[in-house]
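Each remark here refers to the structure printed beneath this line.
Letters A, B, ... mirror the listed sequences (proteins, then strands); counts begin at 1.
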Amino acid sequence: MAELIQRSFYARSAVVVARDLLGHWLVREIAGVRLVGRIVETEAYLGEEDAASHAFRGPTPRNRSMFGPPGHAYVYLIYGMHHCLNIVTGPVGKGQAVLIRAVEPLEGLDVMRMNRKGVPLRQLTNGPGKLCQAFAIDKTLDGHDLCLAQALWLEAGPPPQETICQGPRIGVRGDDKALSRPWRFFLKNNPFISPNSLNNHPCNASMHSDTR
DNA sequence: GTCAAGATTAGT
DNA sequence: CTAATCTTGACG
C-alpha cells in the first residue's frame with residue numbers, strides 16, 4: 001500500500017494543499033473492501049476572509065470541523081440530497097478546507113457502480129456529490145481523522161503528468177473578490193474532472209506538477 | 001418559530 | 001432551464 005499522507009501535509013494553506021492534492025489517492029474502506037480514487041479536481045476555501053466559504057461567518061454547528069485540526073474531514077449535505085467531502089487544512093481555528101470535486105476511479109469500481117447504478121464510468125465520480133455517493137461518504141464521516149488509515153484516508157500517489165490548470169470556483173456565491181479567486185485546481189484534459197471544468201478550458205495560469 | 005437559500009445533479 | 005429535497009442559520 002502507498003504511503004499514508006501525514007498531518008503536516010494538511011497543515012498548510014488551503015490553496016497550496018488544494019493544488020498539491022492533485023494526483024494523490026482518496027481511499028475508502030468498507031467492510032474490508034478498498035475503494036480508491038485519484039484526485040483530479042479540488043477547490044480551496046479559506047476562513048473568515050473568504051465570502052464563498054462556509055467558515056465566512058465563523059464557527060457554527062455545521063462547519064465546526066472546519067475550525068478543528070487539519071487532516072480531518074468536513075462533510076456536509078447540500079440541496080437536501082448530496083454530500084460534499086472537504087479536507088480541513090491550515091492552522092487550527094482558521095476554518096480552511098479543500099473541497100474534493102472529482103476523482104478518477106482506480107480500485108473498487110464494482111462497488112462504486114453498485115452505489116451509482118447504471119452510471120457510465122466517466123460519470124461515476126466526476127463531481128463532488130457523485131464521488132461521495134460512489135464512495136459511500138456521508139455526514140457520519142464529518143470530523144473523521146484522515147491520518148489514522150481507517151475508513152477514510154489519503155495515500156501519496158505518483159506526481160501527475162498532466163498539466164495543472166486553475167480557475168474560479170464553481171457554483172459559489174459571495175462578493176466579487178471571492179468569485180474571482182482562481183482556487184479551483186484540476187488536471188488538464190483528464191476525463192474524470194467535472195463537466196464544468198471540462199468546458200472551462202483554456203485554463204487560466206497553467207503550471208506544471210509541483211515539486212513533490 | 002419561520003423561512004429562504006444552498007460549495008449539486010439529473011432530467012426536460 | 002428547472003425540479004428534487006431537507007438541513008442550516010439568520011432573524012425575530
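Judged purely by distance below 3.5 Å, without hydrogens or angles, the side chains of A:Q133 and A:N115 never pair a donor atom with an acceptor atom. For the residue pair A:D142 and A:S65, a side-chain donor N or O sits within less than 3.5 Å of a side-chain acceptor on the partner. Looking only at atom types and distance, the side chain of A:R12 has no donor-acceptor partner in the side chain of A:T89 under 3.5 Å away. Side-chain N/O atoms of A:H72 and A:Y10 include no donor and acceptor closer than 3.5 Å. Of the N and O atoms on the side chains of A:E162 and A:N189, not one donor lies less than 3.5 Å from an acceptor on the other residue. With 3.5 Å as the limit, one finds a donor-acceptor pair spanning the side chains of A:T140 and A:D138.
The span of DNA chain C lying next to chain A, judged by atoms under 4.0 Å from heavy atoms, is bounded 5' to 3' by C:dA4 to C:dA10.
Across every strand in view, B:dT2 sits in a pair with C:dA10 that passes the Watson-Crick or G-U test at under 3.5 angstrom. Under the Watson-Crick and G-U wobble criteria, each requiring two contacts below 3.5 Å, nucleotide B:dA7 is left unpaired.
One atom, CD1 of A:I100, and another, C1' of B:dT8, lie 16 Å apart when rounded to the nearest Å. The nearest whole Å value for the distance from the CG atom in A:N196 to the P atom in B:dT8 is 9 Å. As rounded to whole Å, 16 Å separates atom P of B:dA4 from atom OH of A:Y79. Computed from coordinates, the A:L179 CG to B:dG6 P distance equals 12 Å when rounded to whole Å.
Note: A:F56 CZ to A:D175 CG = 6.5 Å, rounded to the nearest 0.5 Å.
Remark: the separation of the C1' atoms in B:dA5 and C:dT2 is 16 Å, to the nearest Å.
Mapping A:M81 and A:K139 onto DNA chain C by nearest heavy atom places A:M81 closer to the 5' end of the strand. Heavy-atom distances to DNA chain C give each of A:H82 and A:R57 a nearest nucleotide, and the one nearer the 5′ end belongs to A:H82.
Taking only side-chain nitrogens and oxygens, A:H54 comes nearer than 4.0 Å to OP1 or OP2 of B:dA7.
Using a 4.0 Å cutoff on non-hydrogen atoms, the parts of residues 64-77 of chain A near DNA chain B are A:M66, A:Y76, ordered by number. Of the residues in residues 114-132 of chain A, not one places a heavy atom less than 4.0 Å from an atom of DNA chain C.
Across all strands, A:R169 comes closer than 4.0 Å to no nucleic acid atom at all (heavy-atom distances).
At a threshold of 4.5 Å between non-hydrogen side-chain atoms, the residues A:R101 and A:F186 do not count as touching.
For the side chain to side chain contact (heavy atoms under 4.5 Å, CB included) with A:I100, the qualifying choice from A:T42, A:I137, A:L154, A:T125 is A:T42, the only one to do so. Each of A:K177, A:R181, A:R169 was checked for a salt bridge (Lys or Arg N to Asp or Glu O under 4.0 Å) with A:D50, and the lone residue meeting it is A:R169.
Because its NZ or CZ atom is not both nearer than 6.0 Å to the ring centre of A:F192 and within 45° of the ring axis, A:R38 does not count as a cation-pi partner of that residue.
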